[in-house]
Structures are given as C-alpha cells and as structure tokens.
Amino acid sequence: MFRRLSRWAIALPVALALAGLSGCGSGEPAATSASSPAGGGAKEVTVFAAASLTGTFTELGKTFEAAHPGTTVRFNFGSSATLAQQIVQGAPADVFAAASPATMKTVTDASLAGSPATFVRNKLQIAVPADNPAKVDELKDLTDPKVKVALCAEQVPCGAAAVKALAAAKLTVKPVTLEQDVKATLTKVQLGEVDAALVYRTDVIASAGKVRGIEFPEADQAVNDYPIATVAKAPAGDAARQFVDLVLSQQGKDVLTKAGFEAP
C-alpha cells in the first residue's frame with residue numbers, strides 16, 4: 001500500500017508539470033487577464049511596414065509597448081514590394097502596412113492577410129539639398145540633363161507614384177540612380193550625390209531641414225493610399241489586431257498627420 005501511494009506521490013507532480021507545459025505551448029505563458037501582455041501572453045509583435053513609416057511606426061511601437069507591459073514590437077521596414085514578397089515566401093509577420101494597395105494585393109491575393117484598411121495617404125515632393133545648388137524650382141527642371149536625379153525603382157510604391165506624376169506632366173526624366181525604397185532615394189539627396197529626387201512629403205519633413213521640399217501640382221494625381229492588415233495566422237494573434245487598432249485610432253491618426261500624412 002505504501003509503495004502504491006509513493007508512486008502516486010511522485011507521478012502526480014510530474015503529470016501536473018507536463019499539463020502546465022502543454023497548456024503554454026512552445027514555452028509561452030498561458031493566457032491571463034487583460035492586464036497581461038497583449039494577445040493573452042504574446043511577447044512579441046512583428047510588423048512589416050513601408051520605409052516611409054519608419055518614424056511614425058517606431059513612435060507608435062513605443063506607445064503600444066507602454067500600454068502592454070512585457071510585449072515587444074519588432075519592425076521590418078523596407079520597400080513594400082520587397083516586404084510583400086517576403087511574406088508570400090513565408091517570412092514570419094503579424095502585421096503588414098504597405099505604401100500602396102498594389103503591394104498589399106500581392107499578400108491578399110495569396111490569402112495571407114485579412115481585409116486591409118486604408119489608414120493614411122501620402123504624396124510626392126521634389127527633394128533638393130538645403131542650398132539647392134542646381135536651382136531646381138519645378139518638376140520640368142528635372143528633365144535638364146545637367147541635373148542629377150534619383151528616383152525610386154518603378155516596382156516600389158514611391159517609384160510607381162513618380163512614373164504616374166511624370167506621365168501626368170508629360171515629362172521624361174532620366175535618373176542617374178533607381179533606389180529600392182524611399183529612404184535610400186532621399187539619402188542620395190542628403191549626401192549630395194544627386195541634385196534632386198522625388199520622395200514622399202513625409203520623408204522631407206522627417207529630414208528635419210537636411211533637405212528642402214518643393215511641391216508640384218502633378219503630385220495630386222499620384223497620391224498613394226496606405227493599407228494595413230493583420231497577416232493570416234499571425235503568431236501574435238490578438239496583439240497583432242490590437243496594434244492595427246492603435247494605428248487606426250485617433251491617437252494613431254494624430255501621430256501620422258503630425259508627420260505629414262493625410263487622412264484617407
């Protein structure tokens with residue numbers, strides 16, 4: 001009898017420990033109350049976002065972490081086209097925020113994201129160095145072969161917008177470089193490697209005076225809508241949806257419009 005009880009005394013704690021591990025799944029803590037980390041135990045939210053969202057989403061990430069102690073928001077910023085391809089190829093992501101509906105469509109067509117919501121709009125400006133050595137004043141100045149111009153590659157949203165704006169103006173520009181995202185394009189201006197570039201208005205503002213922005217009327221015909229969606233089977237679950245909710249909230253809108261984005 002004593003031996004039988006001894007065996008149970010040993011087996012019961014082991015069984016309880018194993019049950020606790022299986023309930024957590026991969027070592028994650030079990031879901032608790034709303035005051036626990038976002039998503040009922042999610043420790044990390046991975047957000048793939050267009051390069052032009054770097055400043056605003058970094059700020060919103062800190063806001064989210066403060067509201068959900070124990071949860072970390074990790075970002076992958078870059079060309080929307082590249083990010084979309086990474087998601088299609090299986091890169092682990094919870095949220096995708098793109099700089100154009102076309103790049104979001106790559107993901108939704110593959111049934112890898114929920115219904116996207118447009119949260120902001122953005123349009124182009126001509127970015128020139130602060131001292132504007134080439135004396136660029138308007139879009140047609142970029143057609144001068146003496147003016148070195150940087151554009152985003154056509155397959156990325158800022159490049160597609162540039163093509164549309166130049167077509168609306170019936171102008172042909174021969175860039176000296178085609179960059180893979182808007183941040184890289186703007187950097188060419190900041191370093192003095194080019195005389196001008198077509199980038200988003202928000203990126204000019206974010207440069208904090210390192211470049212000067214010149215508006216042009218055709219930019220109104222090449223406005224980019226920015227959609228956001230949770231990625232299908234997002235590992236972070238509820239936390240991913242909560243981050244999207246923050247972006248769509250009035251608090252999120254205030255951060256984005258302050259940076260120069262427009263309401264959709």
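Keep in mind that the numbers below use all heavy atoms, side chains included, and drop hydrogens, waters and symmetry copies.
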Nearest-0.5 Å distance that lies between atom [atom1] in [X] and atom [atom2] in [Y]:
| X | Y | atom1 | atom2 | answer |
| --- | --- | --- | --- | --- |
| Leu246 | Phe57 | CG | CZ | 9.0 Å |
| Phe96 | Phe48 | CZ | CZ | 9.0 Å |
| Leu178 | Thr185 | CG | OG1 | 8.5 Å |
| Leu60 | Asp254 | CG | CG | 10.0 Å |
| Asp195 | Leu142 | CG | CG | 9.5 Å |
| Thr187 | Lys210 | OG1 | NZ | 9.0 Å |

Using every non-hydrogen atom in the two residues, find where Ala259 and Thr202 come nearest and quote the distance to one decimal. O-CG2, 3.5 Å
According to a hydrophobic-cluster definition based on side-chain heavy atoms being under 4.5 Å apart (Ile, Leu, Val, Met, Phe, Trp, Tyr only), do [X] and [Y] belong together?
| X | Y | result |
| --- | --- | --- |
| Val107 | Val231 | yes |
| Val45 | Ile87 | no |
| Leu139 | Ile214 | yes |
| Phe64 | Val120 | yes |
| Leu112 | Met104 | yes |

Is the gap between the ring centers of Phe261 and Tyr226 under 6.0 Å? yes
Are any side-chain N or O atoms of Asp141 and backbone N or O atoms of Asp137, one a donor and one an acceptor, separated by less than 3.5 Å? yes
Whether the side chain of Ser80 engages the backbone of Ala99 through a donor-acceptor N/O pair (distance < 3.5 Å, no angle test) should be reported.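 Here the side-chain-to-backbone pair exists.
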Using a 6.0 Å cut-off, check whether atom CD of Gln85 has over 12 heavy atoms from anything other than its own residue.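 Counting other residues, nucleotides and ligands, CD of Gln85 exceeds 12 neighbours.
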A quick test of your reading: do over 12 heavy atoms of other residues, nucleotides or ligands sit less than 6.0 Å from CD of Gln251?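 Counting neighbours around CD of Gln251, 12 or fewer heavy atoms of other residues, nucleotides or ligands fall under 6.0 Å, so no.
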Between [Y] and [X], do the side chains contain a donor N or O and an acceptor N or O under 3.5 Å apart?
| X | Y | value |
| --- | --- | --- |
| Ser52 | Asp203 | no |
| Thr103 | Ser100 | yes |
| Glu65 | Thr63 | no |

Mind running side-chain contact (heavy atoms from CB on, under 4.5 Å) on Phe119 and Leu53 for me, showing each step along the way? CA-CA 12 Å; Phe119 62 104; Leu53 294 167; 3.9 Å; yes
Would you sort out whether Thr143 and Thr172 count as a side-chain contact (heavy atoms from CB on, under 4.5 Å), showing the intermediate values? CA-CA 6 Å; Thr143 64; Thr172 299; 5.8 Å; no
Just one of Val136, Leu191, Val189 clears the side chain to side chain contact (heavy atoms under 4.5 Å, CB included) bar with Pro129, so which one?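 Only one option passes, and that is Val189.
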Within residues 77-180 or reaching into it, pairs that qualify as disulfide (SG to SG under 2.5 Å) - sequence neighbours excluded: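 Sorted pair list: Cys152-Cys158.
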Evaluate the side-chain contact (heavy atoms from CB on, under 4.5 Å) criterion for residues Asn76 and Leu83: first the C-alpha distance (whole Å), next the side-chain angles of each, then the deciding distance (0.1 Å), finally the verdict. CA-CA 8 Å; Asn76 181 15; Leu83 297 176; 3.4 Å; yes
Please list, chain by chain and in numerical order, all residues satisfying salt bridge (Lys or Arg N to Asp or Glu O under 4.0 Å) with Asp220, sequence neighbours excluded. Lys123
Less than 4.0 angstrom from a charged side-chain N to a carboxylate O is my criterion; do Arg121 and Asp225 meet it? yes
Could you go through Arg201 and Glu215, starting from their C-alpha distance and side-chain angles, then the distance that decides it, and tell me whether this counts as side-chain contact (heavy atoms from CB on, under 4.5 Å)? CA-CA 8 Å; Arg201 174 174 177 260; Glu215 295 189 358; 4.3 Å; yes
